[in-house]
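Side chains included, hydrogens not; waters and symmetry mates left out as well; all remaining heavy atoms used. Bear in mind the structure is a predicted one, so any value in this text is a computation, not a measurement.
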Amino acid sequence: FSDAFALRGAVSSGFRAPSLHQQYFSYVSTDLINGKIGQSGFFPTSSDVAKEIGIPELQEETSFNASTGFTINPGNRLRITVDGYYIRVNNRITLTGNFGEDVYGEPDPAIQDLLLPYGASTARFFVNSVDTRTLGIDLVATYTVRLANNDRFDFTLIGN
């Protein structure tokens, strides 16, 4: 609107495909599982183990982003910006807990039988498990002090 006041905003969407290790990485390692040493497996969602348990194939994460804000520059020393933002991510990829034992550490015979050929007693997977929303406001205020020999010093206050 002027040299001292401006509005700004943006709207966008995006996606993030599962990374290669989220899609294909697998291993079996010795871990501490519910206070006991055991073999823990990490399997891709395309594996036979995942298919038998009913773990679906990974999908891409999708996002929607919106922001709006303003900047005020009432003089040549003070500048204030305020921005509000909203970010929604659907199908966020996270890591599951251990399949193969219940919450009390008791083995699940059906899953244990599936894991036996792999030498594991539990299994974990990357899955699309949650949708997230982030809403916030950023505030930045900067005050500039001119020093001798034309140097400057900026005081900045930032809040989120």
Side-chain angles (χ1 to χ4, degrees), residues 1 5-73 79-142 154 156-160:
F1 292 100
F5 181 77
L7 290 177
R8 57 186 172 195
V11 175
S12 64
S13 63
F15 76 96
R16 185 185 77 81
S19 66
L20 289 175
H21 82 277
Q22 289 173 330
Q23 292 183 74
Y24 301 111
F25 183 69
S26 66
Y27 72 91
V28 175
S29 66
T30 302
D31 286 341
L32 191 61
I33 304 167
N34 294 324
K36 299 178 283 181
I37 292 179
Q39 298 300 105
S40 177
F42 193 95
F43 300 93
T45 58
S46 59
S47 68
D48 291 338
V49 172
K51 290 176 185 173
E52 286 291 325
I53 294 174
I55 305 293
E57 292 279 337
L58 283 176
Q59 303 296 315
E60 71 275 356
E61 296 176 343
T62 59
S63 65
F64 171 80
N65 312 285
S67 65
T68 186
F70 62 88
T71 182
I72 299 172
N73 192 8
R79 186 176 71 212
I80 299 170
T81 64
V82 177
D83 292 289
Y85 56 89
Y86 172 79
I87 305 165
R88 184 184 72 223
V89 179
N90 294 326
N91 293 321
R92 189 174 287 266
I93 297 171
T94 62
L95 190 58
T96 68
N98 287 320
F99 282 79
E101 293 184 352
D102 65 21
V103 294
Y104 303 105
E106 296 299 318
D108 180 327
I111 295 176
Q112 295 283 319
D113 289 344
L114 286 172
L115 298 174
L116 189 61
Y118 302 97
S121 57
T122 64
R124 297 179 82 188
F125 309 89
F126 279 112
V127 293
N128 298 101
S129 62
V130 295
D131 296 338
T132 61
R133 282 186 222 129
T134 304
L135 182 66
I137 296 175
D138 287 333
L139 166 71
V140 179
T142 304
D154 291 335
T156 303
L157 173 67
I158 300 172
N160 181 275

Please evaluate residues Gln39 and Ser29 with respect to the criterion side-chain hydrogen bond (donor to acceptor under 3.5 Å, both in side chains), reporting the C-alpha separation (whole Å), side-chain torsions for both, the decisive distance (0.1 Å), and the verdict. CA-CA 6 Å; Gln39 298 300 105; Ser29 66; over 6 Å; no
Determine whether a donor-acceptor pair (N or O, by modelled atom type, separation under 3.5 Å) exists between the side chain of Gln112 and the backbone of Ser121. yes
Between Phe126 and Phe25, ring centroids under 6.0 Å: no
Residues Tyr118 and Val28: closest non-hydrogen pair is O-CG2, 3.6 Å
CG-CD1 distance between Asp83 and Ile137, expressed to the nearest 0.5 angstrom: 10.0 Å
First locate atom OH of Tyr85, then atom CG of Leu135, and finally report the distance between them rounded to the nearest 0.5 Å. 8.0 Å
In the structure I gave you, are the side-chain heavy atoms of Thr96 and Ser129 within less than 4.5 Å of one another anywhere? no
Out of curiosity, Asp48 CG to Leu114 CG, how far, rounded to the nearest 0.5 Å? 9.5 Å
Quick one: pull up CZ in Phe70 and CD1 in Ile72 and give me the separation to the nearest 0.5 Å. 4.5 Å
Scanning both residues in full, the closest heavy-atom pair of Phe15 with Ala17 reads CD1-N, 3.9 Å
Heavy-atom side-chain contact between Ile55 and Phe99 under 4.5 Å: yes
Any donor-acceptor pair under 3.5 Å from Asn128 side chain to Gln59 backbone: yes
For side chain to side chain contact (heavy atoms under 4.5 Å, CB included), just list the numbers for Asn91 and Glu60, CA-CA rounded to whole Å, side-chain angles, deciding distance to a tenth of an Å, and then say yes or no. CA-CA 7 Å; Asn91 293 321; Glu60 71 275 356; over 6 Å; no
Minimum heavy-atom distance between Gln23 and Ser46, given as atom pair plus value: O-OG, 4.1 Å
Restricting to non-hydrogen atoms, name the atom on Ile53 and the atom on Phe125 that form the minimum distance, rounded to 0.1 Å. CD1-CZ, 3.9 Å
Is any side-chain heavy atom of Leu7 less than 4.5 Å from a side-chain heavy atom of Phe5? yes
Atom CD of Glu61 and atom CG of Asp131: how far apart are they, to the nearest 0.5 Å? 10.0 Å
Does any non-hydrogen side-chain atom of Thr122 lie less than 4.5 Å from one of Ile111? no
Any donor and acceptor pair, going by atom type alone, linking the side chain of Thr142 with main-chain N or O of Arg79 inside 3.5 Å? no
For Asn65 and Ser63, work out which heavy atoms get closest and say how close. ND2-OG, 3.7 Å
What pair of heavy atoms forms the shortest contact from Gly41 to Ala120, and how long is it? N-CB, 3.9 Å
Result for side-chain contact (heavy atoms from CB on, under 4.5 Å) between Phe64 and one of Val89, Asn90, Val11 points to Val11
